[in-house]
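Below, each value reflects all heavy atoms present in this structure, side chains not excepted, and no hydrogens, waters or symmetry copies.
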Amino acid sequence: MQIERTDLRNIAISAHVDHGKTTLVDGLLRQARTFRENQQVVERVMDSNDLERERGITIFAKNASFTYRGIKVNIVDTPGHADFGGEVERVMNMVDGVLLLVDAAEGPMPQTRFVLRKALEMRHQVIVVINKVDRKDAEPDVTLNKTFDLFIELGASDEQADFPVIYCNAITQQAGPTPALSPDYQPLFEAILNHIPVPKVDPEAPTQMLVTTLNYDDYKGLMAVGRIFNGRLRRGQVVARIDHEGRVNNYRLTYLFAFQGLARVEVEEASAGDLVAVAGMDEAHIGDTVADPETPLALPGIRVEPPTVRMTFGVNTSPFGGREGKYVTSRHIRDRLARELEHNVSLRVEDTDQADKFLVSGRGELHLAILIETMRREGYELEVSRPEVINMKGEAGEVLEPFEEVHIEVAESHMGTVIEMLGRRRGQMTNMHQGGDGSVYMTYIVPTRGLLGFRYQFLTATQGTGQMHSLFHDYLPYAGGIEQKELGSVVAIEPGTSTAYAIRNAEDRAMLFIEPGVEVYEGMVVGQHVRPEDLLFNICTKKQLTNVRAARAEVLEALTPPRRMSLDECIEYLGEDELLEVTPQSLRIRKRILHTEQRAKEQKRAEKALEEA
């Protein structure tokens, strides 16, 4: 018999990148007195990962809770970037409603569309929170109308389209039913209690809990996090774990935790509707069901959209391989990728015909870049290839490739350049309108492969002022050839140490990536050529000195500072014949074939085969 848990609410908070989502959660936790009066708490407490703090985005879904008027509210902070959509998709299985945060000036954005579509598909009740109403360019009424239009466009039901609206300023921790804000978050707290459905559960039915997140504790072992849909869980209870294939294994729960504030608190028992973490299973996967061993009934699994981009991860084979990393062998890399698969539901890993290389597929460049950066910080050393899209076969046998819906905001003066750039990448404009501040908003449908390596060129062309966001659109027929790399590379032809004299001679023809005194090897990419073809160059050439004065002149010679590239920029830069060497200390771009003569022979062989074909 189902009952209503009036003492509990489970909600997710979703938004586009940088719309103030994590700041809002901070305020809710503080005003609900989750922390002690004298407790020191960092800003953006839910962004607990170093990469999240550095990039200012949420990558991993996280749980917290607060109590208001005696009612416990479990709140899950979800990523705003479509590349981490796997996190959003599994979180939607844990909650009964969603706070959708929208910027009062920018309105609904691409990732707003993405997370809202997921919420509506799950038939969740949505509370729209219009944030940043204090901005000078804020237009709350316009934003509300655009949000309503988005609900209708995404097929919201009449009940879902009749959503409650709360206006707020997350920085000052104020909210209200109108843009005239109250002094605190009380209107938002009340909206959560009044509009988010209470869990309807049967605590006497056979136990069913869906595993949505996995953690590991050095003392307690593997911990499975999820929601109890039916029945109860007790510490020490024997449970059955049902995996994706329907196999059943029995375990005894050694620990049972509930969420209180930002911490996990050990409890003796939890009932249907609660979000909990359990330990005692030596193996578990996301989507598994923890059930009653006498009547093991599985819950529907978590369905995740397939990956669209893949890269090859392999052992670092450069002359500098093994110098800087702690974990450098194929066994280390294989084990690390296997551990990532346990909780990263959007990731796929396949073996290749080479034992030291693995094909890793994800939802986008950023999704894979975060994995690479995480491994790098953990001490792993590896080499990765240029990202490539994953094509499919259509019903008629034709090749289908993934397309992205790209939303762009640029100054009117840069509009022509951007249109030309996307046109060369087979982009099709579907919408364009002008903003009141001299900006132009454009929507494109572009092949995913046309966007690989595009972001840096876009920022350069718009002088860093352009905004670009994309999300997966659909698989459509192959769009035709695209010239991926417009400029060639400067490739070192001898090993040694770079000199100021050689760099000075190369500056007229290239943008260099290194400064004097850097150790290089043959086949290493040291710069970007100003022309489409590669430039073979001896970056280690020394000036023939005749006296002391000439030596001082070389030291004092003014050089253009090198271009420092982040991991994301290095991945974007890669050509098809290049690899990225990733170590805890360095990022080096190199040719797949290091030896200059051998590379030339392979190129001639490929050109001849192309002519014969």
Query - T212 side chain vs V225 backbone, donor-acceptor pair below 3.5 Å - result: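 Confirmed, T212 side chain pairs with V225 backbone.
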Below 4.5 Å, heavy atoms only, C-beta onward: do [X] and [Y] meet side chain to side chain?
X	Y	answer
T462	T417	no
I3	P203	yes
V440	M432	yes
L347	L368	yes

**Report entry** Non-neighbouring partners of E204 that pass side-chain hydrogen bond (donor to acceptor under 3.5 Å, both in side chains), sequence neighbours left out
**Finding:**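 Checked E204 against side-chain hydrogen bond (donor to acceptor under 3.5 Å, both in side chains); matches are R232.
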Requested in this report: Could I get the full list of side-chain hydrogen bond (donor to acceptor under 3.5 Å, both in side chains) partners for E401, not counting sequence neighbours?
Outcome: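 Listed in chain order: R449.
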Query - Residue among N10, D96, D274 satisfying side-chain hydrogen bond (donor to acceptor under 3.5 Å, both in side chains) with N74 - result: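 The passing option is N10.
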Less than 3.5 Å apart, any donor N or O on the side chain of [X] or [Y] sitting next to an acceptor on the other?
X	Y	answer
D202	N230	no
T448	E404	yes
Q174	T172	yes
R227	Q208	no
H407	E409	no

Query raised in the report: Any Lys/Arg nitrogen of D103 or R135 sitting under 4.0 Å from an Asp/Glu carboxylate oxygen of the other?
Result: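 Yes, this pair counts.
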Query raised in the report: Can we say R564 and E569 salt-bridge, meaning some charged N sits less than 4.0 Å from an Asp/Glu carboxylate O?
Result: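 No, no charged N to carboxylate O under 4.0 Å.
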Which atoms form the tightest heavy-atom contact between [X] and [Y], and what is the distance?
X	Y	answer
L210	G287	CD1-O, 3.7 Å
R5	V198	O-CB, 3.6 Å
P197	R9	O-CD, 4.1 Å
N131	A170	OD1-N, 3.0 Å

Report task. Please lay out, stage by stage, how R69 and E190 fare under the test salt bridge (Lys or Arg N to Asp or Glu O under 4.0 Å). Result -> CA-CA 10 Å; R69 287 196 342 202; E190 295 293 338; 2.9 Å; yes
Query - Inter- and intrachain pairs under ring pair (Phe, Tyr, Trp, His ring centres under 6.0 Å), touching residues 158-188, at least two apart - result: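 Matches after skipping sequence neighbours: F151-F163.
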Query raised in the report: Do any pairs count as a ring pair (Phe, Tyr, Trp, His ring centres under 6.0 Å) and have a residue in residues 408-427, sequence neighbours left out, and if so which ones?
Result: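 Residue pairs with at least one partner in residues 408-427: there are none.
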**Report entry** Residues forming a salt bridge (charged side-chain N to carboxylate O under 4.0 Å, His left out) with R426, sequence neighbours excluded
**Finding:**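 For R426 there are no salt bridge (charged side-chain N to carboxylate O under 4.0 Å, His left out) partners, ignoring immediate neighbours.
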**Report entry** Pair Y441 and H433, ring centroids less than 6.0 Å apart
**Finding:**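 Ring-ring flag for Y441/H433: true, centres closer than 6.0 Å.
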Query raised in the report: Going from CG on N145 to CG on L150, what distance comes out if it is rounded to the nearest 0.5 angstrom?
Result: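 So the gap between those two atoms works out to 12.5 Å.
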Requested in this report: List in chain and number order the residues that pass side-chain contact (heavy atoms from CB on, under 4.5 Å) with E572, two or more places apart in sequence or in another chain; answer none if no residue qualifies.
Outcome: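 So E572 forms a side-chain contact (heavy atoms from CB on, under 4.5 Å) with E365, R455, Y456.
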